[in-house]
There are 2 protein chains.
Amino acid sequence: MPPPERPGDDRPQLPHSLAGAPPNEIDPRVEELVNQLIARVADKWTMLVLEALAEHGETRFTRLSRLVPGVSQKMLTQTLRQMERDGLVVRTVHPVVPPKVEYRLTILGQSLGAAFCGVWIWAEQNLAAVEAARRGFDLRGSTKQD
Amino acid sequence: MPPPERPGDDRPQLPHSLAGAPPNEIDPRVEELVNQLIARVADKWTMLVLEALAEHGETRFTRLSRLVPGVSQKMLTQTLRQMERDGLVVRTVHPVVPPKVEYRLTILGQSLGAAFCGVWIWAEQNLAAVEAARRGFDLRGSTKQD
DNA sequence: ATCTACGCTCTCTTTTTAGTAAGTATAAAT
DNA sequence: ATTTATACTTACTAAAAAGAGAGCGTAGAT
């Protein structure tokens with residue numbers, strides 16, 4: 001996505017009517033970034049890497065691969081590259097003989113983690129409701145009246 | 001720079017150490033739900049449907065398919081079913097002769113949208129930073145010092 | 001001399017996901 | 001009699017993503 005011209009607008013506006021706002025115009029670039037962002041965070045590894053780095057601070061590749069259970073080297077590399085590209089992590093290469101590469105979160109990365117706290121809290125608060133809804137749905141067929 | 005240990009935090013419990021909390025135990029069910037949730041929200045349709053329903057209120061299937069540009073019937077059905085199963089939308093079938101089915105958000109669905117506002121706001125506030133990071137990454141190779 | 005560790009990259013295969021298009025039922029409209 | 005509208009479902013196909021596993025370069029340990 002080539003970032004085209006951008007007229008000065010960086011007001012923290014709430015998304016659409018999700019917060020009750022009228023259906024006013026939204027910056028398509030923001031929308032696109034949000035989608036990319038969510039998509040990125042959605043692939044099961046990014047959040048796990050984010051957590052691992054948040055918990056353990058600067059961490060080397062191999063250790064990270066052990067901290068994130070089940071991740072393959074390929075996926076870990078890929079995830080870290082994406083995160084680095086987006087400015088979420090810093091990759092520090094120490095030019096020593098067995099390679100030593102350390103990763104740590106940037107403030108941006110940390111703030112993204114914090115931003116997702118809302119979702120996390122939602123999940124904790126509504127876990128029971130979601131599970132109940134699923135049970136109900138799975139028991140009776142999908143059809144029901146309100 | 002990283003927000004380290006923070007005793008006596010008055011805010012709601014933040015996930016893991018993403019906000020500097022110690023690596024205390026987390027309910028694996030919550031973690032799983034969060035992952036599912038994020039994955040669900042990540043598929044490009046769920047959020048769009050959520051938005052459309054938030055903006056337009058109770059809406060019929062066909063209208064919804066027009067409100068969400070590019071969605072196929074299959075994907076829309078799938079998305080709505082998942083959302084219904086999770087208790088995010090209510091599906092009301094009117095047993096009339098050309099089928100009439102209406103969908104609307106539950107409070108749960110609305111609150112999920114609200115929960116994601118944090119991410120949206122983050123994206124808006126950090127759009128420039130992410131784009132700058134990407135430009136930097138794409139220009140110079142991936143290697144750099146902090 | 002061989003082996004191990006590290007942080008990858010590359011290729012190949014398998015799995016998952018998404019899109020397309022057709023089919024279904026029914027009653028009213030033409 | 002045929003067409004239209006609605007809300008799907010199903011089968012098929014194409015594309016994307018993920019996993020497995022080998023290879024690489026070098027230096028220190030054995």
Side-chain angles (χ1 to χ4, degrees), chain A residues 1 35-49 52-53 56 58-85 89-104 137 140-146, chain B residues 35-49 52-53 56 58-85 89-104 137 141-146:
Chain A
M1 304 74 222
N35 289 146
Q36 290 177 1
L37 198 69
I38 292 175
R40 178 101 354 119
V41 172
D43 78 71
K44 63 181 177 219
W45 303 124
T46 302
M47 278 308 270
L48 297 175
V49 170
L53 287 177
H56 297 87
E58 197 162 38
T59 308
R60 296 180 65 180
F61 184 88
T62 302
R63 175 138 181 264
L64 214 40
S65 72
R66 291 195 199 99
L67 289 175
V68 179
V71 73
S72 64
Q73 285 188 329
K74 178 187 157 190
M75 281 295 102
L76 183 56
T77 303
Q78 209 172 94
T79 302
L80 286 168
R81 281 297 131 74
Q82 288 171 153
M83 291 174 80
E84 187 196 359
R85 187 171 111 95
V89 305
V90 179
R91 177 170 178 267
T92 311
V93 181
H94 302 271
V96 294
V97 65
K100 181 178 182 182
V101 182
E102 287 177 314
Y103 295 90
R104 65 180 161 80
F137 183 91
R140 347 167 192 271
S142 59
T143 51
K144 67 182 166 188
Q145 300 288 356
D146 176 30
Chain B
N35 288 147
Q36 291 176 0
L37 200 68
I38 291 175
R40 177 101 354 121
V41 172
D43 78 69
K44 66 180 174 216
W45 302 124
T46 302
M47 278 307 270
L48 297 176
V49 170
L53 288 177
H56 297 88
E58 197 162 37
T59 307
R60 296 181 64 180
F61 184 87
T62 301
R63 175 138 181 264
L64 214 39
S65 72
R66 293 195 197 100
L67 290 175
V68 179
V71 72
S72 65
Q73 285 188 327
K74 179 186 154 189
M75 281 295 104
L76 183 55
T77 304
Q78 209 173 94
T79 303
L80 286 168
R81 281 298 130 74
Q82 286 171 154
M83 293 175 80
E84 188 195 357
R85 189 172 110 94
V89 304
V90 179
R91 177 171 178 265
T92 310
V93 182
H94 302 272
V96 294
V97 62
K100 181 178 182 182
V101 182
E102 288 178 314
Y103 295 90
R104 65 180 160 78
F137 182 91
S142 59
T143 49
K144 68 182 165 189
Q145 300 286 356
D146 177 31

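Throughout, protein chains are lettered first and strands after them, A, B, ... in sequence-line order, and every chain is numbered starting at 1.
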Check your understanding: Quick one: B:H94 NE2 to D:dA7 P, roughly how many Å, whole number?
Key -> 10 Å
Exercise for review: For the residue pair B:R81 and B:E84, establish whether any side-chain heavy-atom pair is separated by less than 4.5 Å.
Suggested key: yes
Review point. If you round to the nearest 0.5 Å, how far is CZ of A:R60 from CZ of A:R104?
Key: 16.0 Å
Exercise for review: Could you identify which residues of residues 58-65 of chain B place a heavy atom less than 4.0 Å from some atom of DNA chain D, listed by residue number, or say none?
Suggested key: B:R60, B:F61, B:T62
Review point. Checking side-chain contact (heavy atoms from CB on, under 4.5 Å) against A:T79, which of A:V49, A:L48, A:V89 comes through?
Key: A:V49
Revision key, fill the gap. Here the distance between atom C1' of C:dG7 and atom CZ of A:R66, to the nearest Å, is 12 Å
Point to revise | From C:dT9, D:dG25, D:dT6, nucleotide with atom closest to A:R81 side chain | key: C:dT9
Check your understanding: Distance from A:R63 atom CZ to A:E58 atom CD, nearest 0.5 Å?
Key -> 11.0 Å
Review point. Any side-chain heavy atom of B:V90 within less than 4.5 Å of one from B:T92?
Key: yes
Practice item. Summarise how protein sits on nucleotides 11-24 of chain C as a single string, 5' to 3': B when a protein heavy atom is under 4.0 Å from the base, S for sugar-phosphate-only contact, - for no contact. Key: -------BBB----
**Study point:** Value rounded to 0.5 Å, distance of CE in A:M83 from CZ in B:F137
**Key:** 12.5 Å
Review point. Think A:R91 has a side-chain N or O under 4.0 angstrom from the OP1 or OP2 of C:dG7?
Key: no
Only distances under 3.5 Å count here; give the side-chain donor-acceptor pairs of residues 95-103 of chain A to other protein atoms, sequence neighbours excluded, each with its distance to 0.1 Å.
| residue | atom | partner | partner atom | Å |
| --- | --- | --- | --- | --- |
| A:E102 | OE1 | A:H94 | NE2 | 2.8 |
| A:Y103 | OH | A:R91 | NE | 3.2 |

Review point. To 10°, what angle do the rotation axes through the five end pairs on each side of the helix from C:dA1-D:dT30 to C:dT30-D:dA1 form?
Key: 30°
**Study point:** Between P of D:dC8 and CG of B:L80, the distance in whole Å
**Key:** 8 Å
Would you list the atom pairs, donor with acceptor, under 3.5 Å between side chains in residues 67-77 of chain B and any protein atom, with sequence neighbours excluded?
| residue | atom | partner | partner atom | Å |
| --- | --- | --- | --- | --- |
| B:S72 | OG | B:M75 | N | 3.2 |
| B:T77 | OG1 | B:Q73 | O | 2.8 |

Exercise for review: Provide, to the nearest angstrom, the distance between the CG atom belonging to A:L76 and the C1' atom belonging to D:dG21.
Suggested key: 17 Å
Check your understanding: Where the side chain of A:T77 is defined as all heavy atoms beyond and including C-beta, which of D:dT9, C:dT9, D:dT6 is the nearest nucleotide?
Key -> C:dT9
Point to revise | Approximate separation, where rounding is to 0.5 Å, of B:W45 CH2 and B:Q82 CD | key: 13.5 Å
Could you go over nucleotides 27-30 of chain C and give all protein N or O partners under 3.5 Å, atom names and distances?
none

